[in-house]
Every structure is written in C-alpha cells, then in structure tokens.
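Below you'll find the structure, written out as structure tokens, and then a few comments.
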Amino acid sequence: MENHWLRSVADTGLKVSAVGFGTVKLGRNEQVKYPGSFKIPGDAEALNLLAQARDLGINLLDTAPAYGTSEERLGKLLQGQRDQWIICSKVGEEFENGQSHFNFTPEHVRFSVERSLQRLNTDCVDMVLVHSDGNDVDVIRRYGCLDVLEDLKKEGLIRASGMSTKTVEGGILALEKSDCVMVTWNLNEQGEKAVLDFAHQHNKSILVKKALASGHLCSDGEDPVKASMDFVYSHPGVTSAVLGTINLKHMRQNVEAVKAAF
Ligand SMILES: NC(=O)c1ccc[n+]([C@@H]2O[C@H](COP(=O)([O-])OP(=O)(O)OC[C@H]3O[C@@H](n4cnc5c(N)ncnc54)[C@H](OP(=O)(O)O)[C@@H]3O)[C@@H](O)[C@H]2O)c1
C-alpha cells in the first residue's frame, strides 16, 4: 500500500490525492439517492469548496456527463487553476430531462470525450472512465469502449482510462484492459472485494465511490466517518476515495479521517 497522501494511478505517471472531490452535487439534484434533498451550490459557494479542497491537499475532481451541469460548471470555475487539478470524467451515461440513458458505441465514446474537453475547457481530460449501466462485461466486450479510450490515450486527449463497474467479473476485466476502476466499497457493501485484490496484485488503481454509502452511513454509531475511512483504507488496493460533499465542515472532517486511517 502507498502509505502517503499522493498515490500513483497505475503506471500513467498521474498522482492523485487519497481523497477526491466528487462533484455530483455541484450539478444535479434530481434522481439521486442521498438521504435528504439539497440545493445545488451557487458559483461562490462552489469556488469556496474547490479552494478548501485544494488547501486540504485534494487534487482529484470526479465528474461525469451524467452529473447534470457538473462538467460545464467546472470548466468555468477552474479557469486559471486547471493545472492544479486532475480531472476524472466518464463516458457512456447521459442524464437528460430527468432520465439516464446509456450509449457505449465507439462513436459516442469519442464524441463524449471531445464534448468533455469543450465543457471542461481543457485540452486533456486526465482520467476517463466508462460509466457502466451494470452490464460491465457485455459493455466491454460488445462495444470495445476501453479500446477506444486506449486510442484516445495514444492521441493525447486523455491520460488514464478505466471503468466505473458494478460486478466482480467486469471490474477485473476492466482492470486487465485499463488503468483503473471505480468501485463501491464501504462498511455496508463489500461484494467487489476481489476487484480490489486484483488491482493490488497487478499495480492497477481503485477509486472508491460511495465510501459513506452516499451519506446513509453517516448517522450510524459513534464516529461513522472515522469508522468508514478506517474500513475503506484497510484494503491496500485503494488508491483514492472520491467523497461527495457540499459542506465545508464535512470535507475537512473527511480528509482528517482519511489522513488518520493510513
Ligand atoms: N461512477 C458512478 O457510477 C458513481 C456513482 C456514485 C458516485 N460516484 C462518484 O462518487 C462520489 C461520491 O459518491 P456519493 O456522493 O454517492 O457518496 P458518498 O461520498 O458516500 O456520500 C456523499 C453524501 O454523504 C454526505 N457526507 C459526506 N461527508 C459527510 C460527513 N463528514 N458527515 C455527514 N455527511 C457527510 C454528503 O452530504 P453533504 O453534502 O451534506 O456533506 C453526501 O450527501 C460522487 O460525487 C461521484 O463523484 C460515482
């Protein structure tokens, strides 16, 4: 395990912080599974969250076309500070008129990455993950989307490729064909442990999504954030936990808990 704050993403040369800032809540508040409803932060509030994240040492931002206006907002909010961040976006899921739909064809993957470049106002998206609908193996085999991401890497439009998966078979297959997978890993959900084991054994990277079970773990027990982060980092395969918060105090508390966990 890399017992330090900055961690390598496979052999890509990228180094990400052990906590990433998940930005769903900067762009979307419909059809989400959080315990309570919330208002999307305005620009000043979002800039404060980004500034505090940087001050805390966070350099990884996780976004996606499916996160409503998240990519577009980041493109504007990060003007003048783009080089301070490693941005991870996705391809395959679209969220329009309150509904998700999926497209994993090679044409769409390329179109989506080019659109992310425009929305994020950048010439390279550091990391791009296939945003799976759950049929991980079928998506990889039928559409060859990880091969397209490999091509985009060679063209210099992205630096690292991967997939946000929901199955053990899919997670391992994705790791065989890319640098990184994003998996659910928390005190309540550990079904994908074999994917973390595989990543650890093969020098691949794991980004954790829903480390706090989308907030549902935050009211359990005496110190649920500490218990959650101790658990997440008990596995040596974990590269970074992408935590979603629009609360400055929670962000600080989460970073402190992660720093104490390794
Ligand atoms: N690829 C995928 O398919 C996928 C799916 C889900 C998520 N993700 C990524 O992973 C990120 C995180 O996932 P997530 O947002 O679903 O789950 P999460 O990080 O487990 O939980 C976020 C929720 O927990 C609350 N929270 C955070 N820290 C807290 C604290 N210290 N005390 C109390 N409450 C706290 C947040 O509310 P406050 O805002 O009030 O702090 C928010 O509602 C997302 O933003 C996204 O980038 C990816």
Side-chain angles (χ1 to χ4, degrees), residues 16 19-29 31-41 45-46 48-50 52-53 56 58 60-68 70-71 73-74 85-95 100 102 127-136 139 162-167 170-171 174 180-189 192 195 206-229 231-232 238-261:
V16 295
V19 172
F21 179 13
T23 65
V24 173
K25 290 176 99 172
L26 292 187
R28 169 171 158 188
N29 61 3
Q31 306 283 323
V32 283
K33 294 176 184 154
Y34 296 111
S37 60
F38 63 95
K39 197 168 150 277
I40 294 176
E45 212 181 320
N48 274 342
L49 287 159
L50 288 164
Q52 179 179 277
L56 291 168
I58 295 174
L60 173 64
L61 295 175
D62 183 62
T63 182
Y67 298 169
S70 170
E71 279 190 318
R73 292 194 75 198
L74 287 176
W85 297 98
I86 289 176
I87 301 179
C88 177
S89 191
K90 313 210 179 59
V91 293
E93 181 175 354
E94 302 284 326
F95 184 75
S100 271
F102 295 88
M127 304 177 68
V128 175
L129 311 181
V130 176
H131 213 158
S132 179
D133 60 359
N135 300 305
D136 304 334
V139 166
M163 185 157 180
S164 175
T165 49
K166 299 190 184 184
T167 63
C180 167
V181 298
M182 179 178 259
V183 296
T184 300
W185 175 246
N186 62 47
L187 281 165
N188 290 350
E189 297 160 284
E192 290 158 74
V195 182
I206 295 285
L207 300 185
V208 173
K209 61 189 168 190
K210 305 184 192 174
L212 295 162
S214 299
H216 295 279
L217 275 166
C218 293
S219 47
D220 293 353
E222 208 168 277
D223 192 345
V225 172
K226 178 183 176 342
S228 291
M229 296 312 148
F231 170 75
V232 165
V238 170
T239 306
S240 180
V242 173
L243 303 171
T245 180
I246 49 171
N247 178 309
L248 291 165
K249 203 172 126 228
H250 290 167
M251 186 191 285
R252 219 172 309 117
Q253 182 189 7
N254 297 344
V255 168
E256 278 163 18
V258 169
K259 285 188 171 161

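These numbers come from a predicted model, not from an experiment. Read the numbers this way: they start at 1 and go in the same order the structure lists the ligands and their atoms.
Checking Leu60, Asp133, Asp62, Val32 against atom 9 (C) of ligand 1, the nearest heavy atom belongs to Asp62. The nearest non-hydrogen atom to atom 23 (C) of ligand 1, considering only Ala211, Ala66, Ser214, comes from Ser214.
Between Pro35 and ligand 1, not a single N/O pair is under 3.5 Å apart. Here's the thing with Leu212: one of its N/O atoms is less than 3.5 angstrom from an N/O atom of ligand 1. Here's the thing with Gly244: one of its N/O atoms is less than 3.5 angstrom from an N/O atom of ligand 1. In terms of polar-atom proximity, defined here as any N/O pair under 3.5 Å, Lys90 makes no such contact with ligand 1.
When heavy-atom distances to ligand 1 are checked against a 4.0 Å cut-off, Ala213 comes that close only through its backbone atoms N, CA, C and O. Proximity of Lys33 to ligand 1, defined as any heavy-atom pair under 4.0 Å, is not found for any part of the residue. Heavy atoms of His131 found under 4.0 angstrom from ligand 1 belong exclusively to the side chain. If you look at Thr245 next to ligand 1, the close heavy atoms, those under 4.0 Å, come from the backbone and the side chain alike. The proximity of Thr23 to ligand 1, defined as any non-hydrogen pair under 4.0 Å, is limited to the backbone. Contacts with ligand 1 closer than 4.0 Å are made by side-chain heavy atoms of Gln253 only, the backbone lying farther away.
Side-chain N or O atoms of Arg73 include none that pairs as donor or acceptor with a backbone N or O of Gly27 at under 3.5 Å. Not a single donor-acceptor pair under 3.5 Å links the side chain of His131 to the backbone N or O of Pro65. No donor-acceptor pair closer than 3.5 Å links the side chain of Trp185 to the backbone N or O of Glu192.
At a threshold of 4.5 Å between non-hydrogen side-chain atoms, the residues Leu49 and Leu26 count as touching. Side-chain contact between Cys88 and Leu207: present, with at least one pair of heavy atoms (C-beta onward) separated by less than 4.5 Å.
Between the side chains of Lys90 and Ser164, no donor N or O sits under 3.5 Å from an acceptor N or O. A donor atom on one side chain and an acceptor atom on the other are not found under 3.5 Å apart for Asn48 and Glu45.
Ligand 1 does not have Phe38 within reach: every non-hydrogen atom of the residue lies 4.0 Å or more from it.
If you take CG on Leu212 and CG on Asn188, they are separated by 10.5 Å, rounding to the nearest 0.5 Å.
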